[in-house]
There are 2 protein chains.
Amino acid sequence: MSGRVRPGLTREAVLAAAVELADRDGLAALSMRSLARHLGVEAMSLYHHVANKEALLDGMVDAVFAEIHAPTAAGDWRVEMAARHHSARAALTGHRWAVGLMDSRSSPGPATLRHHDAVIGCLRAGGFSIAMSAHAFAVLDSHLYGFLVQEVSLPFDEGDDMGAVAEDILGDVPMDGLPHLTEMAVEHVMQPGYAFADEFDWGLELILDGLERRRTTDG
Amino acid sequence: MSGRVRPGLTREAVLAAAVELADRDGLAALSMRSLARHLGVEAMSLYHHVANKEALLDGMVDAVFAEIHAPTAAGDWRVEMAARHHSARAALTGHRWAVGLMDSRSSPGPATLRHHDAVIGCLRAGGFSIAMSAHAFAVLDSHLYGFLVQEVSLPFDEGDDMGAVAEDILGDVPMDGLPHLTEMAVEHVMQPGYAFADEFDWGLELILDGLERRRTTDG
DNA sequence: TGCGTGGACTTACGGCGTAAGGCTAGCCTA
DNA sequence: TAGGCTAGCCTTACGCCGTAAGTCCACGCA
């Protein structure tokens with residue numbers, strides 16, 4: 001491991017290049033061939049560093065997890081969980097492809113496991129029982145992933161005008177017979193100042209409040 | 001439309017066959033060629049009924065949405081939202097491939113739109129303001145999708161013993177330095193009686209409680 | 001000096017989505 | 001009833017994909 005001879009590729013270099021390529025051109029454009037081209041190498045050479053494409057994707061997801069702030073057991077659980085939520089959102093909107101990869105991946109990498117361990121550790125330190133920590137973990141992660149699944153599939157970037165986007169999506173849709181959707185779009189979502197992103201914090205606060213309330217009960 | 005001549009294919013038949021095939025063999029096994037084979041037809045014939053594979057997938061997702069119970073404005077909002085949550089979980093665990101398709105799909109089909117309209121309508125009828133309905137909608141959907149993303153990627157079926165599954169996942173992982181994860185696995189998740197599925201209702205109740213509490217405020 | 005080995009390359013296979021175009025059965029018009 | 005139109009299928013072909021199998025070479029060590 002220490003006396004590496006020919007510089008060549010490493011697993012880390014391959015993963016980093018794959019993440020870079022997926023960020024730039026989208027996951028669909030990431031093939032073993034395109035990745036190899038990006039690295040100035042032939043496709044089959046990659047198989048010396050990753051077992052196959054699945055393993056490559058596993059590694060990429062784990063690399064993203066490594067970017068997420070791991071909660072500290074020393075900190076206030078509520079503050080730490082909120083920080084984790086925001087950090088995860090930052091990481092996953094920076095690597096949009098990762099959200100779609102999180103399902104379909106059933107073998108978590110080391111960074112993923114360390115992260116989850118830290119989350120549970122913080123909750124335990126915050127006074128949650130084991131059972132309560134499991135509840136909290138599940139509901140927080142569900143909200144996190146679910147929000148990101150929705151946000152990432154919204155076809156626009158942070159700064160965009162929500163009204164224009166809504167018109168884009170709904171423009172060629174017949175809105176007859178969809179009174180409530182129409183009302184919400186016209187009178188709320190398409191109004192200046194509305195940002196779907198704000199729903200992230202609203203939902204997070206609701207959940208944290210609920211957890212606070214249940215923290216020391218046993219259900 | 002009425003005087004159809006050669007029986008042949010229809011868009012509906014194509015979509016139904018695609019759903020059936022994906023249910024049976026998984027989404028990865030669904031190609032235009034395999035679908036055509038399943039229908040006793042050549043691959044290119046499908047393009048008379050579906051624009052391309054993306055459109056096929058869009059249609060499949062919409063077909064799944066059509067299976068989900070649409071809330072009634074007449075019913076109690078809390079009961080209706082819970083019913084929708086459970087119905088959606090049933091539909092999406094019956095068509096596991098659909099969960100992974102929900103992101104990446106940015107053009108909702110008619111059934112999807114009708115469903116969302118019904119959700120908002122029920123909330124409005126339950127006394128939620130427009131802004132509050134948007135909040136409720138976002139947090140409920142986030143929880144729903146996020147939970148399902150996690151549940152679907154768990155490699156086991158409903159009846160399975162959670163302990164065995166956890167061992168499967170974590171068996172070949174070094175648990176050194178992951179004390180909290182280990183504790184939770186050993187003392188809680190792997191105990192008989194624990195079911196991740198139960199976290200669905202726990203989280204749902206937490207969210208519904210929070211919404212109830214905020215229903216008539218204006219934040 | 002010679003050899004083993006690790007890390008690259010080459011070739012090849014079967015499958016993919018789909019562009020382009022061909023064939024024919026049945027209907028509509030004259 | 002004859003003729004042509006068209007919808008709905010099929011055929012062919014292209015350039016991708018992931019990867020199994022095998023080759024080749026430079027280096028570090030004996």
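In what follows, every chain begins at residue 1, and chains take the letters A, B, ... in the order their sequences are listed.
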My understanding is that only residues two or more places apart in sequence, or in another chain, count here; which of them pass side-chain contact (heavy atoms from CB on, under 4.5 Å) with [X]?
X        : value
A/Ala131 : A/Ser129, B/His188
B/Ala17  : B/Leu35, B/His38, B/Leu39
A/Glu187 : A/Glu183, B/Ile130
A/Arg114 : A/Pro110, A/Ala111, B/Leu178

| Intermediate values then yes/no, side chain to side chain contact (heavy atoms under 4.5 Å, CB included), B/Phe128 and B/Ile120 | CA-CA 9 Å; B/Phe128 287 79; B/Ile120 299 168; over 6 Å; no
Polar atom pairs (N or O), protein with nucleotides 13-18 of chain D, under 3.5 Å:
| from | atom 1 | to | atom 2 | distance (Å) |
| --- | --- | --- | --- | --- |
| D/dC17 | OP1 | A/Ser31 | OG | 2.7 |
| D/dG18 | OP1 | A/Met32 | N | 3.4 |
| D/dG18 | OP1 | A/Lys53 | NZ | 2.7 |
| D/dG18 | OP2 | A/Met32 | N | 2.8 |
| D/dG18 | N7 | A/Arg33 | NH1 | 2.3 |
| D/dG18 | O6 | A/Arg33 | NH1 | 3.4 |
| D/dG18 | O6 | A/Arg33 | NH2 | 3.1 |

| task | Round to the nearest Å and state the distance from A/Arg11 atom CZ to C/dG6 atom P. | result | 19 Å
| message | Please tell me if A/His49 has a side-chain N or O lying less than 4.0 Å from either OP1 or OP2 of C/dA8. | response | yes
| message | Any heavy-atom pair between the side chains of B/Leu144 and B/Leu148 that's under 4.5 Å? | response | yes
| Is any side-chain heavy atom of B/Glu151 less than 4.5 Å from a side-chain heavy atom of B/Glu199? | no
So which protein N/O to nucleotides 9-11 of chain C N/O distances come out below 3.5 Å?
| from | atom 1 | to | atom 2 | distance (Å) |
| --- | --- | --- | --- | --- |
| C/dC9 | OP2 | A/Glu42 | N | 2.6 |
| C/dC9 | OP2 | A/Ser45 | OG | 2.6 |

| message | Once rounded to the nearest 0.5 Å, what's the spacing between atom CH2 of A/Trp97 and atom CE of A/Met102? | response | 10.0 Å
